[in-house]
Amino acid sequence: MSLWFSIVLVAIGVSLLLALARAALGPTAFDRVLAVNSIGTLAVLAICVYGFFDGRPEFLDIALLYALINFIGTISVLKYFRAGTLGDHVPSEKHRDAP
Amino acid sequence: MQDDPVIRVVAKVLIPTIMLFALYVQFHGDYGPGGGFQAGVIFAAALVLHAVVFGLHRARQVWPMRYNLMGVSAGVLLYGGTGVWSMLAGANYLDYFALKADPKAAQHLGILLVEFGVGLTVASVMVALFFAFAGRLTHIRLVAKTAAHETAEAGKAAADNGAPARDGDAG
Amino acid sequence: MSDIAAQWNYYVVIVLMMLGFYAVIARGNMVKKMVGLNIFQTSVFMLYISVGKIDGGTAPILTGDAASVYSNPLPHVLILTAIVVGVATTAVGYALIIRIHEAYGTIEDDEVAALVDADQEARERADAGPAS
Amino acid sequence: MGMFAVNAFLIFLLVIIAVVALNVHRLFALVMLSGAFSLTAAAQFVVLDAVDVAFTEAAVGAGISTVLALATLSLVPREEKPHAIAPLPALIAVATGALLMVSIGDLPQFGAADAPVHIHVAPDYISGSEKLIGVPNVVTSVLASYRGYDTLGETVVIFTAAIAVLLILAGWTRAPHLRDGETENTHIAQNAQDREDGQKDAG
């Protein structure tokens, strides 16, 4: 049982490194957004697997929170891309262009 | 974001869920991981999501700044008030054993009140921070418009009096 | 070597601290300074939490089993509040950065310093004007 | 052993993220990487048994911090001026780190159960939380009951920070008097120039 959890943890670790490489190199900003999003997803997985590995699976709450926060973060970044600001459009002046 | 139906629907489903989760974290903090600090931040995150998806002015209508400021101070007051209550009951400041006859029930009550105060303050503070940061651009433009209006009015009044509008011209 | 393996966390925490410290004192960009400060902060958090860890221990949420060993809850309490206070102070820092940008049009600290000096000279010139 | 491997890997990952983050010049990438840093740090806290801390770090570091940083980036320039490595600060940082590393040898071993920090008040907290307070989560009972004054102070600090930010950002402001493309500084310089010109005319 423990062996399988170890294998899964190693797989998650390798995927984390790959996602991190994409976040660091990522030619466009969207690569970075996706990479950070998958780092978050992998962290959710890692916490779940580690919880069972450690014998205290009641900490799935944390994984739940991660998933929610990850979603909010991604939506905020996309809003920032589209509008250039997290607040309201201000029509009276020229908009700042997205990066 | 306002015109994207998928994101609007997902946000409508998710915002109440996140708020419910925040309340779960707040009141389940005695038995599992969680507590006032975490719950406050999660609750604020739900409002951030609302502001990002539906627009800041809508979020300000849903969660008015006036009441938000009251929340910021009410949390600290609730925390301090619990301490004062225990003093009135004849014990030291923040000594919950005096709140009730049964010691465990007293501790539970004290921790519940204090954690709720922390949660209220943290949630309101985080919302206030986000509104202040995201609303900065609108704030500047609004004040600029008012200032320009006032300058124009003052200039008109000065022109009517035949006096120069600028100090520099007086020299 | 076994010493390094046994104290691995402490060594890596210090490397993290050095990185954050360098960013705070050497980089001119204020947003980068703030991120460096956050890295510094996280390294301190990590040190505290590492100190609180006990081998074979579990999270300090009572299981009802008398035999279980719990990690030390005290560092957790200190760091939990420190994280929330940390984000509040970070927000004050970002707010000041926004105002500095509105006032000087740049967030590089050497450029801000040059502008402040130039403005000081302009003021002195203007004040010295009536005497000459 | 499994815990040690996961712990060592995650904390090594943190260093990699920090190095990469300090080397990018686009502030947007910097903010994204600091979000990833927080997420990894939170996973590390779970491995080190600090579940409450992990909860807070995930909500604060990855959520609110990232959003505030993005809101800041929408108001300030998004590129950093390229910098060479500054020798003196690098020397200071390395010297500080070296001093600390030398003193690590005196710390109790990582994970040792008989370290001084574990035998002072922590056992009292753990047994008291069960018998006296009746709250299973020891962190909550220490936070709200044993160290209630401490938490009151932290709450007041957060309150103060909110007041400060509201005064700085949402209160009275001088920026509106400026025209497009002007900064406060050009405004002051312009005033000085105006005064000078005025005197010349008067003279």
Side-chain angles (χ1 to χ4, degrees), chain C residues 6-10 12 14-16 18-19 21-23 25-26 29 31-32 35 39 42 49-51 53-55 57-62 70-74 76-77 79-81 83-85 87-89 91-92 94-95 97-99 101-105 107-108 115 119 122-123 126 129, chain D residues 8 11 15 18 22 27 30 34 41 45 48-53 56-57 60 64-65 68 72 75-76 80-81 86 89-90 93 97 100-101 104 107 109-111 113 117-118 122 125-126 130 136-139 142-143 154 157-158 161 164-165 168-169 175 183-185 188-189 192 195-196 199:
Chain C
Q7 308 279 46
W8 170 256
N9 265 37
Y10 299 142
V12 181
I14 287 175
V15 172
L16 266 183
M18 277 158 59
L19 288 168
F21 187 38
Y22 174 76
I25 59 178
N29 189 292
V31 174
K32 203 148 202 177
V35 173
I39 290 175
T42 310
I49 301 295
S50 302
V51 166
K53 170 76 183 163
I54 296 180
D55 266 344
T58 182
I61 295 174
L62 303 175
Y70 301 106
S71 288
N72 194 339
L74 190 57
H76 301 183
V77 175
I79 295 313
L80 195 153
T81 49
I83 288 177
V84 181
V85 170
V87 76
T89 49
V92 177
Y94 280 138
I97 291 175
I98 289 175
R99 290 304 298 267
H101 177 254
E102 281 168 10
Y104 295 103
I107 55 167
E108 303 281 342
L115 284 172
D119 185 45
R123 265 179 225 256
Chain D
I11 199 162
V15 174
L22 296 181
L27 295 183
L30 180 69
S34 82
F45 288 142
L48 291 175
D49 290 346
V51 278
D52 283 270
V53 181
T56 321
E57 176 72 32
V60 165
I64 298 289
S65 267
L68 289 183
T72 309
L75 293 167
V76 301
E80 186 198 20
K81 217 170 59 174
L100 288 171
M101 282 201 187
I104 280 182
L107 280 178
Q109 259 204 359
F110 173 66
V117 64
H118 300 314
Y125 285 158
I126 291 173
E130 194 176 4
N137 187 350
V138 186
V139 174
V142 176
L143 182 90
E154 308 277 11
V157 169
I158 296 165
V165 169
I168 294 171
L169 284 188
T183 65
E184 186 75 41
N185 190 57
I188 294 171
R195 268 175 278 162
E196 234 168 294
Q199 264 127 26

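Because the structure is a prediction, the values reported are computed rather than measured. Below, each value reflects all heavy atoms present in this structure, side chains not excepted, and no hydrogens, waters or symmetry copies. Chain identifiers are assigned alphabetically (A, B, ...) following the order of the sequence lines, protein sequences preceding nucleic acid strands; residue numbering begins at 1 within each chain.
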Handout entry: Trace of the side-chain contact (heavy atoms from CB on, under 4.5 Å) decision for Y70(C) with D49(D)
Key = CA-CA 9 Å; Y70(C) 301 106; D49(D) 290 346; over 6 Å; no

Handout entry: Portion of L74(C) that has a non-hydrogen atom of chain D nearer than 4.5 angstrom
Key = side chain

Fill in the blank from the handout: Turns out that what part of V51(C) lies under 4.5 Å from chain D's heavy atoms comes down to both

Can you measure from [atom1] ([X]) to [atom2] ([Y]) and round to the nearest 0.5 angstrom?
X	Y	atom1	atom2	value
T56(D)	L80(C)	OG1	CG	3.5 Å
E102(C)	L75(D)	CD	CG	7.0 Å
I83(C)	D52(D)	CD1	CG	10.5 Å
K81(D)	N29(C)	NZ	CG	9.5 Å
L169(D)	I98(C)	CG	CD1	5.0 Å

Identify which of [options] forms the greatest number of heavy-atom pairs closer than 4.5 Å to chain C.
options	result
N137(D), V51(D), L68(D), I64(D)	N137(D)
A50(D), S65(D), A113(D)	A50(D)
A164(D), A86(D), P89(D)	P89(D)
A161(D), A122(D), A90(D), P136(D)	P136(D)

Contact winner vs chain D - [options], heavy-atom pairs under 4.5 Å:
options	result
A91(C), A88(C), A95(C)	A95(C)
A59(C), S71(C), A23(C)	A59(C)
D55(C), T42(C), T89(C)	D55(C)
V85(C), V31(C), V77(C), N9(C)	N9(C)
V15(C), I97(C), T58(C), V84(C)	T58(C)

Please check if the side chain of [X] supplies one atom and the backbone of [Y] the other of a donor-acceptor pair under 3.5 Å.
X	Y	result
K53(C)	F110(D)	no
R99(C)	I168(D)	yes
N72(C)	V117(D)	yes

Practice task
Please name the pair of heavy atoms, one in H76(C) and one in L48(D), separated by the smallest distance, quoted to 0.1 Å.
Solution key: NE2-O, 4.4 Å

Practice task
Not counting sequence neighbours, which residues clear side chain to side chain contact (heavy atoms under 4.5 Å, CB included) with I104(D)? List them please.
Solution key: Q7(C), Y10(C), Y11(C), I14(C)

Does any heavy atom of chain C fall under 4.5 Å from the side chain of [X], the backbone, both, or neither of them?
X	answer
A18(D)	both
S34(D)	side chain
V157(D)	side chain
L22(D)	both

Exercise for the section: Applying salt bridge (charged side-chain N to carboxylate O under 4.0 Å, His left out), name anything that partners E108(C), two or more places apart in sequence or on another chain. Expected result: none

Handout entry: Residue pair L62(C) / I126(D), side-chain heavy-atom distance below 4.5 Å
Key = yes

